[in-house]
Amino acid sequence: MTSDLRQVSLARIQEFGITPKRDLGQNFLIDDNILGVILAHLGCDPDDVVLEIGAGLGVLTGALARVARHVHAFEVDRSLEGPLAATLRGDANVTLHFQDVLKASLEALDPLPSLCASNLPYSVAGPFLIESLQRLPGVRRYCVMVQREVADRMAAAPGTKAYGVLSVWVQLYSEVARVRPLSRSIFYPQPHVDSSLIVLDRLPPERLPSCDPAGLRAVIQAAFGQRRKTLVNALSAGLRLSREQTLALVDTLGLPKDVRAERLGPGQFAELAERAGCLS
């Protein structure tokens with residue numbers, strides 16, 4: 001039997017003549033079972049404010065609005081304004097933001113979000129999480145659907161092929177609490193890649209990096225900017241430091257001079273950033 005959500009989603013697509021835009025990574029949710037899974041993992045209380053990226057046809061937005069105090073829903077495609085209005089039916093506790101979330105002033109959202117639940121477009125997932133983990137300290141949990149490759153990168157351990165900038169940044173600010181695969185059939189049109197649901201729990205303040213976020217990001221990006229190079233050479237090129245300075249930095253962590261970035265744990269990058277900051 002066809003689910004209510006499938007009926008709503010496909011009805012909106014037909015009613016408004018929607019053609020999913022491949023360049024925006026539009027794959028609309030059409031299975032209501034995943035809504036229950038998301039809400040169960042999200043742990044939303046009546047006082048919570050939820051941030052959603054990629055509102056699409058509004059089915060997840062509506063489900064969030066029924067359990068949260070407020071929902072900030074971002075959608076970059078203005079042509080979905082009609083379908084969203086039809087689905088949400090003027091929900092007073094939903095604010096629709098028709099703009100690119102990567103260009104938005106997240107800190108100015110009112111009320112400020114305490115949770116994030118989203119079907120993240122593939123091109124947005126990594127950049128958005130890097131930005132929001134640092135800029136929205138009040139968001140205690142993320143429950144998001146992403147391309148499986150992105151989820152694997154977030155959860156990757158040091159020394160693995162998937163370990164990189166996203167892995168380090170996410171793990172410095174949060175704990176990867178759960179990852180589960182998603183069937184392609186819950187989306188329309190079905191994507192050509194696999195997806196996962198990933199839950200991130202923000203670390204307590206005492207476990208967060210204390211160094212300057214801009215400096216931390218610069219160190220991480222420089223370290224992985226040229227993966228085939230040693231950490232010393234990558235940092236020297238990326239941070240415009242002398243080889244002697246980078247050798248001294250690496251030595252303070254007790255690391256061999258030929259170590260590569262993928263061998264360092266997230267906390268070691270924070271230590272490097274703190275020491276590098278003293279050189280600037």
Side-chain angles (χ1 to χ4, degrees), residues 25 27 29 34 36-44 50-54 60 101-102 113-137 139-184 186-187 191-209 213 216-217 219-225 227 231 259-273:
N27 300 96
L29 284 174
I34 192 61
V37 174
I38 292 171
L39 293 179
H41 289 319
L42 188 63
C44 184
V50 185
L51 174 62
E52 182 194 9
I53 313 304
L60 176 56
V101 71
L102 298 180
S114 54
L115 295 169
C116 177
S118 302
N119 175 24
L120 287 174
Y122 296 150
S123 61
V124 171
F128 164 70
L129 288 167
I130 286 174
E131 289 291 329
S132 62
L133 280 166
Q134 186 255 309
R135 292 168 54 193
L136 290 175
V139 175
R140 69 176 185 274
R141 175 171 291 179
Y142 294 78
C143 184
V144 295
M145 289 168 280
V146 296
Q147 186 175 342
R148 188 169 299 176
E149 176 190 350
V150 176
D152 290 344
R153 284 163 54 200
M154 283 192 269
T160 62
K161 185 178 179 180
Y163 187 70
V165 172
L166 184 60
S167 321
V168 173
W169 193 267
V170 165
Q171 292 171 36
L172 279 172
Y173 285 90
S174 68
E175 179 181 357
V176 179
R178 183 179 298 270
V179 180
R180 60 167 283 175
L182 297 173
S183 170
R184 297 185 184 188
I186 71 172
F187 303 105
H192 299 299
V193 295
D194 292 320
S195 301
S196 293
L197 181 72
I198 187 164
V199 179
L200 306 175
D201 284 333
R202 188 173 182 83
L203 293 173
E206 64 271 15
R207 292 179 59 190
L208 295 175
L216 175 59
R217 184 181 296 195
V219 166
I220 297 171
Q221 290 177 335
F224 287 99
R227 292 185 71 114
L231 179 64
V259 70
R260 285 179 166 75
E262 62 265 24
R263 295 295 172 184
L264 274 67
Q268 291 175 300
F269 285 98
E271 291 182 58
L272 273 178

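What you are looking at is a predicted structure, and each value in this text was computed from that prediction instead of being measured. Computed from heavy atoms alone, side chains included, the values below leave out hydrogens, waters and symmetry copies.
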From CA spacing to verdict: side-chain contact (heavy atoms from CB on, under 4.5 Å), Leu166, Val150
CA-CA 9 Å; Leu166 184 60; Val150 176; 3.9 Å; yes
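- The two atoms that bring Phe224 and Gly164 nearest to each other are CE2-CA, 3.6 Å, heavy atoms only.
- The shortest side-chain heavy-atom distance between Glu149 and Val193 does not fall under the 4.5 Å cut-off.
- Salt bridge annotation for Asp194-Arg184: present, with a cationic side-chain nitrogen under 4.0 angstrom from a carboxylate oxygen.
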Under the side-chain contact (heavy atoms from CB on, under 4.5 Å) criterion, do Arg260 and Arg227 qualify, and how do the steps go?
CA-CA 7 Å; Arg260 285 179 166 75; Arg227 292 185 71 114; over 6 Å; no
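- No donor-acceptor pair closer than 3.5 Å links the side chain of Ser196 to the backbone N or O of Arg148.
- Remark: of the listed residues Arg140, Arg178, Arg141, Arg141 is the sole one forming a side chain to side chain donor-acceptor pair (under 3.5 Å) with Asp201.
- In plain terms, the two heavy atoms of Ile130 and Trp169 that are nearest each other are O-NE1, 2.9 Å.
- The two residues Ala223 and Ala261 make their nearest non-hydrogen contact at O-CB, 3.3 Å.
- Atom CG of residue Leu200 and atom CD of residue Glu175 lie 10.0 Å apart, to the nearest 0.5 angstrom.
- Judged by distance alone, with hydrogens and angles left aside, the side-chain atoms of Ser174 form a donor-acceptor pair with the main-chain N or O of Val170 at under 3.5 Å.
- Side-chain atoms of Gln171 never come within 3.5 Å of backbone atoms of Val168 as a donor-acceptor pair (strictly under, hydrogens ignored).
- From Ile34, atom CD1 reaches atom CZ of Arg180 across 5.5 Å, with rounding to the nearest 0.5 Å.
- When every heavy atom of Ala117 is checked against every heavy atom of Ile38, the shortest pair comes out as CB-CG2, 4.1 Å.
- The shortest side-chain heavy-atom distance between Leu264 and Leu231 falls under the 4.5 Å cut-off.
- Between Ala156 and Thr160 the shortest heavy-atom distance is CB-OG1, 3.7 Å.
- Between Tyr142 and Phe128, the ring planes lie perpendicular to each other; the angle is over 60°, past the 30° to 60° tilted range.
- Within the 4.5 Å cutoff, no side-chain heavy atoms of Val179 are placed close to those of Leu197.
- Using a 4.5 Å heavy-atom cutoff, the side chains of Leu172 and Ile220 are in contact.
- Put simply, the side chain of Gln221 never gets that close to the backbone of Leu216: no donor and acceptor are under 3.5 Å apart.
- Put simply, the side chain of Val146 reaches to within 4.5 Å of the side chain of Met154, judged on heavy atoms.
- At least one donor-acceptor pair under 3.5 Å links the side chain of Arg202 to the backbone N or O of Leu133.
- The shortest distance between side-chain heavy atoms of Pro213 and Gln134 falls below 4.5 Å.
- We find the CG-SG distance between Leu115 and Cys143 to be 9.5 Å, quoted to the nearest 0.5 Å.
- The closest side-chain heavy-atom distance from Cys44 to Val50 is below 4.5 Å.
- At least one side-chain heavy atom of Tyr173 sits under 4.5 Å from a side-chain heavy atom of Leu208.
- Rounding to the nearest 0.5 Å places CZ of Arg153 at 13.5 Å from OH of Tyr163.
- Contact detail for Leu60 and Asn119: the closest heavy-atom pair is CD2-N, 4.3 Å.
- Glu131 has a carboxylate O that lies under 4.0 Å from a charged side-chain N of Arg217, or vice versa, which qualifies the two as a salt bridge.
- Atom OG of Ser132 is separated from atom CG of Leu51 by 7.5 Å, given to the nearest 0.5 angstrom.
- Atom CZ of Arg135 sits in a crowded spot, with more than 12 heavy atoms from other residues, nucleotides or ligands closer than 6.0 Å.
- For the pair Ser195 (side chain) and Leu182 (backbone), a donor-acceptor distance under 3.5 Å is absent.
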